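Predicted model, so just to flag it, every value in this text is computed and none were measured. Reminder, nothing fancy here: chain letters follow the sequence lines and each chain counts from 1.
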Number of protein chains: 2
Amino acid sequence: MSSAAKTLQLLSFFSATRPEIGLSALCRLAKRDKATTHRHLQALEEAGFVEQNPLTRQYRLGPAFLQLAQVREQTVPRKESAVPVLKALAEETGETTHASVLSGSTVFALASCESTQHSTRVVIDLDKFPLHATASGLSILAFGPSDLMEIATANLKTFTSYTIKSKASLEDAVQSVRETGFGRTIRSFEDEVSSLAAPVFDKTGNLAGAISVACVATRFSPDLERKCQEHLIAASRDLTRGWGGTVPDQVEAVWAATLKNSNALDPIS
Amino acid sequence: MSSAAKTLQLLSFFSATRPEIGLSALCRLAKRDKATTHRHLQALEEAGFVEQNPLTRQYRLGPAFLQLAQVREQTVPRKESAVPVLKALAEETGETTHASVLSGSTVFALASCESTQHSTRVVIDLDKFPLHATASGLSILAFGPSDLMEIATANLKTFTSYTIKSKASLEDAVQSVRETGFGRTIRSFEDEVSSLAAPVFDKTGNLAGAISVACVATRFSPDLERKCQEHLIAASRDLTRGWGGTVPDQVEAVWAATLKNSNALDPIS
DNA sequence: AACCACTGGTTCAAATAATGAACCGATCAA
DNA sequence: TTGATCGGTTCATTATTTGAACCAGTGGTT
């Protein structure tokens with residue numbers, strides 16, 4: 001590990017829950033020498049990446065990040081960071097993938113990617129995802145702002161015979177998403193499509209959008225679902241990271257539980 | 001210069017106007033070896049501080065900054081409280097406003113706001129303010145830690161024909177800031193810009209940064225200066241308050257004296 | 001007041017990791 | 001083909017990083 005890498009690693013110990021760290025504490029966290037850590041901190045301080053609280057002498061993240069984050073946002077808008085994640089997800093699952101962003105109370109399509117693995121594949125060309133009828137919409141209802149539920153129930157448009165039609169069944173569906181961490185729809189938007197989606201979060205820790213896999217319904221087996229779940233988790237983490245956030249622990253927990261359950265049901269794995 | 005410092009320095013070459021840089025270009029900018037620079041970039045990439053554009057292979061700032069900027073703002077919420085103050089100040093004066101923070105011995109740009117009142121306005125895109133050549137820098141020299149003076153005199157870079165060039169004239173300028181409470185520069189950083197700045201303090205009672213108005217030089221009349229002074233006082237009080245501090249009585253006193261003098265000179269107001 | 005346990009910070013010989021000229025393979029233009 | 005880029009890699013040389021031991025200061029206990 002290079003000296004630069006060690007220096008940079010120190011920054012990763014700062015978080016919202018541990019915003020200020022003293023020299024000795026940081027040595028323990030990083031399992032490194034005091035002299036070394038001190039020199040590393042001085043290099044970081046010079047660059048504006050950390051500063052010392054003049055009262056407590058503890059170190060905290062510096063103001064340089066505000067500037068650099070601004071440049072990053074100007075350099076890489078959200079769509080661009082979604083594309084590689086969607087590509088990877090499409091390749092891994094062999095199905096079509098979508099990313100969407102919540103803006104106000106509308107779920108906008110951001111980008112999508114078709115897998116080349118199968119000759120039949122899902123091609124959905126929409127720019128707004130209905131909240132009640134898509135896996136992405138359900139994910140966003142489950143983990144997004146609570147006032148969305150009202151808007152969703154006011155717009156229960158029917159797309160197929162499977163589309164959710166009542167407020168009660170929508171609430172059930174959303175509750176199930178909260179418990180599993182995945183939005184899930186079977187033929188509810190298009191007759192031949194079943195989807196699985198995961199929420200994506202941004203730097204404010206709020207829900208920012210969703211990422212989904214749209215499967216040809218006849219291919220949507222428990223095995224495929226399991227595979228989609230695994231890769232959706234990775235994809236959501238990646239995209240959340242690309243948008244500057246971290247997946248909330250609570251969501252990670254329900255994902256872990258869901259995967260465990262599906263393991264239990266499937267004695268092979 | 002430590003290897004870590006060299007690595008970190010690479011990041012400073014990225015900006016809104018130069019968001020992506022290739023390996024060779026970065027070597028030229030940093031005046032360093034290609035192998036070395038490449039290794040440094042790899043360390044940065046591993047930490048998420050840079051990433052490569054998969055198409056062009058050029059490097060750009062990474063997503064880690066979004067997270068770390070978020071943590072920084074949660075730790076020391078400065079930018080958030082500065083924005084409305086800058087906005088108000090820009091509106092009141094009709095000129096561009098800046099806020100900066102002192103970290104270590106560097107003055108970082110925090111945020112800025114352009115007035116919509118005039119069609120010609122000052123647009124300054126820098127991330128570090130030179131201590132000797134900007135109104136903000138002079139304010140910080142005047143009311144900040146005394147060891148800054150050494151650093152400033154060691155870095156008397158010339159920007160325009162008006163830029164302060166000698167230790168003696170810098171000391172004079174700083175003394176004048178102490179007496180008036182305002183940093184003041186006439187065309188000293190950019191040829192067409194004259195600025196006025198006031199110090200901002202934090203909860204420890206120490207200087208934390210500065211707030212400034214950058215005027216198109218040809219508009220910088222005594223009337224406008226007077227107006228800027230009045231509103232800068234209010235803005236500095238607001239921002240200091242937003243950062244949990246209070247403006248020291250001694251600074252308030254020199255402000256009051258300055259306003260009184262300019263009243264005496266200007267019988268109209 | 002003496003003692004202890006803890007800070008943050010510094011020193012210097014020993015050891016390790018950074019360095020850069022030269023090199024490779026690709027790409028592009030003339 | 002040639003030449004001038006580009007990004008990336010190699011390895012002997014060299015300079016930098018390293019950490020045990022050391023200060024100095026602080027707050028709590030005996």
How long is the line joining CZ of R57(A) and C1' of dT10(C), in whole Å?
13 Å

Using modelled atom types and a 3.5 Å cut-off, is there a donor and acceptor pairing between side-chain atoms of T97(B) and backbone atoms of S112(B)?
no

Heavy-atom side-chain contact between V247(A) and S236(A) under 4.5 Å:
yes

Determine: side-chain N/O of Q52(B) to OP1/OP2 of dG8(D), distance under 4.0 Å, yes or no.
yes

Which whole-number value in Å describes the distance from L41(A) CG to dT10(C) P?
12 Å

According to the interplanar angle, ranging from 0 to 90°, do the rings of F129(B) and H98(B) count as parallel (below 30°), tilted (30 to 60°) or perpendicular (above 60°)?
perpendicular

State, to 0.1 Å, how close Q52(B) and Y59(B) come at their nearest heavy-atom pair, and which atoms those are.
CG-CE2, 3.3 Å

Side-chain heavy-atom pair T240(B), R237(B) within 4.5 angstrom cut-off
no

Can you check each nucleotide of nucleotides 23-28 of chain C against protein heavy atoms at under 4.0 Å and return B for base, S for sugar-phosphate only, - for none, in 5' to 3' order?
------

Students often get this wrong, so: under 4.0 angstrom with heavy atoms, is Q58(A) touching a base, only sugar-phosphate, or nothing?
nothing

May I have the distance from R28(B) (atom CZ) to dT5(D) (atom C1'), rounded to whole angstrom?
10 Å

Report yes if the side chains of E95(A) and H231(A) come closer than 4.5 Å at any heavy-atom pair, otherwise no.
no

Closest heavy-atom pair and its distance - R72(A), G242(A):
NH2-O, 3.9 Å

Do any N or O atoms of the protein come closer than 3.5 Å to N or O atoms of nucleotides 16-20 of chain D, and which pairs are they?
residue, atom, partner, partner atom, Å
dT17(D), OP1, S3(B), N, 2.6
dT18(D), OP1, K6(A), NZ, 2.9
dT18(D), OP2, H40(A), NE2, 3.1
dG19(D), OP2, T36(A), OG1, 3.3

How many whole angstroms separate atom CG of N53(B) from atom C1' of dC6(D)?
15 Å

Does a side-chain heavy-atom distance below 4.5 Å link L131(B) with I140(B)?
yes

Distance test, side-chain N/O of Y59(B) to OP1/OP2 of dG8(D), below 4.0 Å
yes

Take the protein atom NE2 of H38(B) and the nucleotide atom P of dA18(C), then report the distance between them rounded to whole Å.
15 Å

Can you tell me how far C1' of dG8(D) sits from CG of L26(B), to the nearest Å?
14 Å

Quick one: closest heavy-atom pair of R178(B) and F143(B), and the distance?
CA-CZ, 4.0 Å

